[in-house]
Amino acid sequence: MKKVICIMCPLGCPIEIQLKGKKIIQAHGNKCKEGITYARKEIFLPGRVLTTTIKTVNPDLRLLPVRSDNEVPKERLMDCMKEIANHTVRGPVELGEIVIKNVLGIGANIVACRTLS
Amino acid sequence: MVTKDVDLAIIGAGPAGMAAAITATESGLDNIILLERAEDLGGLLNQCIHNGFGLHYFKEDLTGPEYAERFIPKLYSLGIKVCLNTMVTHLYSDRSATAINKEWGEFKILAKSIILAMGCRERTRHGIGIPGSRPAGIFTAGLAQRLVNVDGYLPGKEFVILGSGDIGMIMARRLQLEGATVKGVVEIMPYVGGLIRNEVQCLHDFNIPLLLEHTVTEIYGNDRVEGVKVAQVDKGDIIPNSERIIDCDCLLLSVGLIPENELSKEAGIFLDEQTGGPVVDEFLQTNIDGIFAAGNALQVYDLVDNVTLDGEKAGRNAAKYVAGVLKRGPKEISVVCGENIKSVAPQKIVGFDKVELALRVQRPLENVDLFVGNSHKRYRVISHTEVIKVSLTPLELKPYWESGKLEASCHER
């Protein structure tokens with residue numbers, strides 16, 4: 001049996017999972033079906049949305065808040081941080097605009113979380 | 001002195017103030033002034049670069065700046081007068097105020113209605129009385145968040161964080177991601193202070209130790225923090241000989257938030273000891289007619305979504321007040337905290353419509369029967385971190401007009 005705590009919403013359901021190979025045969029504790037989706041992912045391919053900042057050349061907003069538009073595998077989070085530190089945003093960006101495409105080839109873009117005019 | 005005559009003055013342009021301004025405009029007010037002391041709209045959202053905002057309100061998982069940007073363009077497109085870099089310095093019971101900015105110098109505001117949306121501030125070392133020297137390297141978690149996320153400074157290399165509230169845990173992850181080491185999050189209570197999801201994704205993910213039933217008893221260092229003494233605690237008492245020293249160059253304090261109400265006090269607005277914010281009725285109106293309170297200035301919320309809803313409610317009711325259609329009866333019902341209830345807002349009911357109460361419990365509860373008067377709801381768990389909302393219909397409230405008292409209580413089965 002595996003135990004995971006769901007982080008899909010603030011409720012934080014503790015979920016107990018019975019596995020048979022790679023299949024979930026029983027789940028307890030989740031208040032909604034998102035819990036099962038989360039538990040499967042958390043057991044087999046844990047990932048997180050990465051939120052951080054990226055340098056700009058704008059003196060009024062020296063750091064642009066950014067996020068990954070997809071989950072980053074947990075063990076690659078620090079690699080992504082190092083890669084993002086190598087970049088500087090020059091010029092204006094729109095909310096949601098990609099600032100680093102497919103970072104480290106992991107299948108997630110780094111996108112702007114606010115407009116920088 | 002410049003004088004501004006307005007229908008509505010809103011103090012603070014964080015999530016509560018922005019929502020209030022938009023809703024008040026949509027409810028028919030057009031002479032609104034939104035006053036913000038910072039250089040940007042959005043308040044605390046600008047430094048909260050993590051995600052988890054808007055899950056209820058937008059059904060999306062947004063970061064703080066993204067959440068703010070859902071409101072900012074709308075404010076401008078509605079033509080709302082926004083005053084940035086503007087500090088409100090005084091507030092009076094006749095709904096006048098003074099403020100100061102570069103454009104007008106010190107100026108006067110005469111408002112038909114006011115919404116208090118100043119948000120909250122952090123408890124400091126002073127508020128919890130940790131003895132020891134006074135070296136550099138002691139920060140509140142929110143200040144450290146501002147330094148790291150907005151200004152681009154890492155205020156230390158090795159951190160201890162006191163308090164496991166959400167900001168403390170979120171900062172633990174943030175510091176770790178930025179290359180610092182967090183040697184522990186110290187929590188005096190036997191349970192984590194913030195949301196469970198933050199314990200998982202901020203502490204577990206980065207193998208940051210969580211020391212429950214522990215506290216910091218002393219700070220070492222002369223010019224700079226060199227370490228803290230941490231002791232085990234049993235029901236608030238320090239266990240003798242349980243102390244140990246953790247070397248660090250920074251101590252972050254995440255030990256609670258206090259609604260910001262210095263202006264409210266000056267105006268003679270009654271505050272609730274439990275929430276720390278104004279005593280309000282279901283319209284979010286304070287004891288002074290035409291002055292409303294919303295968001296974290298009213299009570300510290302768990303989720304920004306609730307802050308937005310509060311702002312909307314205050315905006316709608318301020319518009320009704322100005323139009324002279326805010327209906328209240330001759331009597332009132334006081335809402336009081338019974339067993340296991342820490343706080344409730346609104347604290348009084350004065351009108352005839354459906355009422356929504358926001359409750360907080362004193363400690364985490366399981367298998368709960370929640371009673372508000374005769375109405376009953378069951379919960380499997382209620383966390384002390386969450387705000388529970390309960391709606392009551394005019395019919396359900398009817399029996400309480402006689403006694404003027406309605407009690408909320410929680411019991412574990």
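Lettering of chains follows the sequences in order, A, B, ..., and the numbering in each one begins at 1.
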statement: Okay, A/Lys31 and chain B: the region with an atom under 4.5 Å from a heavy atom over there is side chain
- prompt: Side chain, backbone, both or neither: which part of B/Glu199 has an atom under 4.5 Å from a heavy atom of chain A?
  reply: neither
field: Side-chain H-bond candidate by donor/acceptor type, B/Arg174 with A/Thr51, under 3.5 Å
entry: no
- request: Looking only at non-hydrogen atoms, find the nearest pair between A/Thr53 and B/Asn149 and report the distance.
  value: CG2-O, 3.6 Å
Heavy atoms from other residues, nucleotides or ligands near CZ of A/Arg48 exceed 12 (cutoff 6.0 Å): yes
- request: List the atom of B/Glu69, the atom of A/Cys113, and the distance in Å for their closest heavy-atom pair.
  value: OE1-O, 4.3 Å
- prompt: What part of B/Asp302 gets closer than 4.5 Å to chain A, counting heavy atoms only: side chain, backbone, both or neither?
  reply: neither
statement: Comparing B/Thr385, B/Val148, B/Leu177 against chain A, the one with the most heavy-atom pairs below 4.5 Å turns out to be B/Leu177
- line: Under 4.5 Å to a heavy atom of chain B? For A/Arg114 that would be both
query: So, the side chain of A/Arg62 versus the backbone of B/Asp151: is there a donor-acceptor pair under 3.5 Å, distance only?
result: yes
query: Where is the tightest heavy-atom contact between A/Pro65 and B/Ile49, given as atom of each residue plus distance?
result: CB-CG2, 3.7 Å
query: Quick check: are there more than 12 heavy atoms from other residues, nucleotides or ligands sitting under 6.0 Å from NZ of B/Lys377?
result: yes
- prompt: Side chains of A/Ile5 and B/Arg197: does their closest heavy-atom pair fall under 4.5 Å?
  reply: no
message: Surrounding NZ of A/Lys41 (heavy atoms of other residues, nucleotides or ligands, distance under 6.0 Å), is the total greater than 12?
response: yes
message: Just checking B/Lys342: does its NZ atom have more than 12 heavy atoms from other residues, nucleotides or ligands closer to it than 6.0 angstrom?
response: no
More than 12 heavy atoms of other groups within 6.0 Å of B/Gln362 CD: yes
field: Part of A/Leu61 lying under 4.5 Å from any heavy atom of chain B
entry: neither
- request: Determine whether more than 12 heavy atoms belonging to other residues, nucleotides or ligands lie under 6.0 Å from atom CZ of A/Phe44.
  value: yes
- request: Over all heavy atoms of both residues, which pair between A/Arg67 and B/Thr63 is shortest? Give the atoms and the distance, please.
  value: NH1-N, 3.9 Å
query: With only heavy atoms counted, which part of B/Asp40 is less than 4.5 Å from chain A, the side chain, the backbone, both or neither?
result: side chain
message: With rounding to the nearest 0.5 angstrom, report the CD1 to NE2 distance, A/Ile7 to B/His204.
response: 11.5 Å
message: For B/Glu103, is the CD atom crowded, meaning more than 12 foreign heavy atoms sit under 6.0 Å from it?
response: yes
task: Return the minimal non-hydrogen interatomic distance between A/Gly29 and B/Arg380, and the atom names on each side.
output: O-NH2, 4.1 Å
